[in-house]
Amino acid sequence: QVQLVESGGGSVQAGGSLRLSCVGSGFSFSRYCMAWFRQTPGKEREGIASISTYAGAAQYVDSVRGRFTISRDKAQATLTLQMNSLKPEDTAMYYCAATRMYSGSKCYDKPQRDFAYWGQGTQVTVSS
């Protein structure tokens, strides 16, 4: 049974930090480009960061570059998103997802239909 399980969300004041985790099971985690997406009510879900399969190269959308860091631990089949200098506009439900259709690092901007596996989401709330 394939699973992606996120954790680490919560409430924090602006300028604070949170660390999200996503544990994968039931599939070959290291063979998938992994990405983080986020969604706020009334808006489309957007990809914000992704990391390639074996090389571990990372890419970020402009709004989070320099503040967020994506990483993966292949041995533990865990994807993390370290979020620093959080802003109120970072408030959203955050999802991890996996796609095998792309091996490069920039898969967060690929069609979401190409992602085979999704987590259930974890809420991040940043207050001003």
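Both backbone and side-chain heavy atoms feed into the values below; hydrogens, waters and symmetry mates do not.
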Phe115, Tyr108, Tyr94 screened by ring pair (Phe, Tyr, Trp, His ring centres under 6.0 Å) with Phe37, the one that passes: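 Exactly one pass, corresponding to Phe115.
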Audit row: Ile48, Phe68, side chain to side chain contact (heavy atoms under 4.5 Å, CB included) steps and yes/no: CA-CA 9 Å; Ile48 60 170; Phe68 291 9; 4.1 Å; yes
Between [X] (side chain) and [Y] (backbone), is there a donor-acceptor pair under 3.5 Å?
| X | Y | value |
| --- | --- | --- |
| Gln123 | Gly9 | no |
| Ser52 | Ala57 | yes |
| Ser50 | Cys107 | yes |
| Glu6 | Gly121 | yes |
| Gln59 | Asp109 | no |

Arg38: which of Thr91, Val124, Val64 passes side chain to side chain contact (heavy atoms under 4.5 Å, CB included):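 Answer to the side chain to side chain contact (heavy atoms under 4.5 Å, CB included) test with Arg38 among Thr91, Val124, Val64: Val64.
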Identify which one of Leu79, Leu4, Asp73, Thr78 satisfies the side chain to side chain contact (heavy atoms under 4.5 Å, CB included) criterion when paired with Val23.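 Filter result, single survivor: Thr78.
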Rounded to the nearest 0.5 Å, what separates atom [atom1] in [X] from atom [atom2] in [Y]?
| X | Y | atom1 | atom2 | result |
| --- | --- | --- | --- | --- |
| Thr53 | Phe29 | OG1 | CZ | 11.0 Å |
| Glu89 | Thr40 | CD | OG1 | 11.0 Å |
| Lys74 | Arg31 | NZ | CZ | 12.0 Å |
| Gln1 | Ser25 | CD | OG | 7.5 Å |
| Leu86 | Ser17 | CG | OG | 6.0 Å |
| Thr125 | Met93 | OG1 | CE | 8.5 Å |

Check Ser30 against Arg72 and note the closest heavy-atom contact, atom names and distance.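 Nearest pair, atom of Ser30 first, then Arg72: CA-NH2, 3.6 Å.
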Which atom pair, heavy atoms only, marks the closest approach of Pro88 to Ala14?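 Residues Pro88 and Ala14, closest heavy atoms: CD-CB, 4.1 Å.
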Pair Asp114, Thr99: side-chain N/O donor-acceptor within cut-off below 3.5 Å: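 The criterion, which ignores hydrogens and geometry beyond distance, is not satisfied for Thr99 and Asp114.
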Check whether more than 12 heavy atoms from other residues, nucleotides or ligands sit under 6.0 Å from atom CZ of Arg65, and answer yes or no.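 Check passes, neighbour count above 12.
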Determine, step by step, whether Ser21 and Ser7 satisfy the side-chain hydrogen bond (donor to acceptor under 3.5 Å, both in side chains) criterion, reporting the C-alpha distance in whole Å, the side-chain angles of both residues, the deciding distance to 0.1 Å, and the verdict. CA-CA 5 Å; Ser21 295; Ser7 62; 4.6 Å; no
Side chain to side chain, Trp36 and Cys22, heavy atoms closer than 4.5 Å: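 The answer is yes; the side chains approach within 4.5 Å.
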Could you tell me whether the side chain of Thr69 reaches within less than 4.5 Å of the side chain of Leu81, counting heavy atoms only?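 They are not in contact (no side-chain heavy atoms under 4.5 Å apart), so the answer is no.
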Aromatic rings Tyr95 and Trp118: how do their planes relate, parallel, tilted or perpendicular, breaks at 30° and 60°?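 If you compare the ring of Tyr95 with that of Trp118, the planes turn out perpendicular.
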Whether Tyr117 and Phe27 hold their rings parallel, tilted or perpendicular, with breakpoints at 30° and 60°: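 Rings of Tyr117 and Phe27: tilted, as their planes differ by 30° to 60°.
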State whether Arg67 and Asp90 are salt-bridged, where the test is any N-O pair (Lys NZ or Arg NE/NH1/NH2 against Asp/Glu carboxylate O) under 4.0 Å.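 The answer is yes: the pair qualifies as a salt bridge.
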Determine whether Met83 and Arg19 satisfy the following criterion, side chain to side chain contact (heavy atoms under 4.5 Å, CB included), listing intermediate values before the conclusion. CA-CA 6 Å; Met83 305 186 295; Arg19 184 178 180 89; over 6 Å; no
Side chain to side chain contact (heavy atoms under 4.5 Å, CB included) between Gln112 and Arg45, intermediate numbers included: CA-CA 9 Å; Gln112 294 183 26; Arg45 187 165 52 189; 2.8 Å; yes
